[in-house]
Amino acid sequence: QVQLVESGGGLVQAGGSLRLSCAASRLTFSIFDMGWFRQAPGKEREFVAAIRSSGDTTYSTDSVKGRFTISRDNAKNTVYLQMNSLKPEDTAVYYCAAGRIRATELSDVYYWGKGTLVTVSS
């Protein structure tokens, strides 16, 4: 059974940084595009960032451009999300996903992680 396990969430003050990790198991990691989504309280889940299987191309939503960076290490079956200059509106549960990128988003999601909570205080 495929597992995506997120870690690195927590409480941080506005302006601070966090790095999320997502470790994949029982998955041929290197052939999947990977991504991060988030869901804030009372809102729908939204796309945050994605990276192609080779790691050579990344995409992100406008609200995190210049602040968040997605990367991957195929040797470690792990994808990362470096989050800098965090804002209270970044507060959400962050989910890791494996699938296929279409256009500029991870549109076809085959596997989801269970999420990690990020709370940004003002």
Checklist entry - In terms of ring plane angle, is the pair F68 and Y94 parallel, tilted or perpendicular, where the classes change at 30° and 60°? => result tilted

Item to check | For the student: nearest non-hydrogen atoms of L106 and F37, plus distance | outcome: O-CZ, 3.4 Å

Next on the checklist: Test: disulfide bond (SG atoms under 2.5 Å apart). Region: residues 53-118. Which pairs qualify, not counting sequence neighbours?
Outcome noted: C22-C96

Item to check | Which atom of F47 lies closest to which atom of Y59, heavy atoms considered | outcome: CZ-O, 4.0 Å

Checklist entry - Can you name the closest pair of heavy atoms from V2 and R26 and give their distance? => result CG2-O, 3.1 Å

Checklist entry - Where do V93 and G115 come nearest, in terms of heavy atoms and distance? => result CG1-CA, 3.8 Å

Checklist entry - Would you say R100's side chain and Y110's backbone share a donor-acceptor pair under 3.5 angstrom? => result no

Item to check | From R38 atom CZ to T61 atom OG1, the distance as rounded to the nearest 0.5 Å | outcome: 7.5 Å

Item to check | Carboxylate-amine/guanidinium proximity below 4.0 Å for E6 and K114 | outcome: no

Item to check | Test: R72 cationic atom under 6.0 Å from F29 six-membered ring centre, within 45° of axis | outcome: yes

Checklist entry - Does some side-chain heavy atom of D108 sit less than 4.5 Å from a side-chain heavy atom of D33? => result no

Checklist entry - Going hydrophobic residue to hydrophobic residue with side-chain gaps under 4.5 angstrom, can you get from L27 over to V79? => result yes

Item to check | Note: D62-K65 ion pair, threshold 4.0 Å (strictly below) | outcome: yes

Checklist entry - Do the non-hydrogen side-chain atoms of S53 and F32 ever get within less than 4.5 Å of each other? => result no

Checklist entry - Do the side chains of L20 and V118 get nearer than 4.5 Å, heavy atoms only? => result yes

Next on the checklist: In this structure, would I31 and W112 fall into the same cluster of hydrophobic residues linked by side-chain contacts under 4.5 Å?
Outcome noted: no

Next on the checklist: Please give me the minimum heavy-atom distance between S121 and L11, naming the atom from each residue.
Outcome noted: CB-CD1, 4.3 Å

Checklist entry - If you take all heavy atoms of Q39 and K43, which pair is closest and at what distance? => result NE2-O, 3.0 Å

Checklist entry - Are Y80 and M34 connected in a single hydrophobic cluster, I mean Ile/Leu/Val/Met/Phe/Trp/Tyr linked by side-chain heavy atoms less than 4.5 Å apart? => result no

Checklist entry - Between T58 and I51, is there a donor-acceptor pair closer than 3.5 Å when you use the side chain of the first and the backbone of the second? => result no

Checklist entry - Atom OG of S30 and atom CG of N77: how far apart are they, to the nearest 0.5 Å? => result 7.5 Å

Checklist entry - Is the closest side-chain heavy-atom distance between L4 and Y95 below 4.5 Å? => result no

Checklist entry - Does the D90 side chain pair with the main chain of A14, one donor and one acceptor, at a distance under 3.5 Å? => result no

Item to check | Criterion side chain to side chain contact (heavy atoms under 4.5 Å, CB included) against S17, the qualifying member of M83, R67, Q82 | outcome: Q82

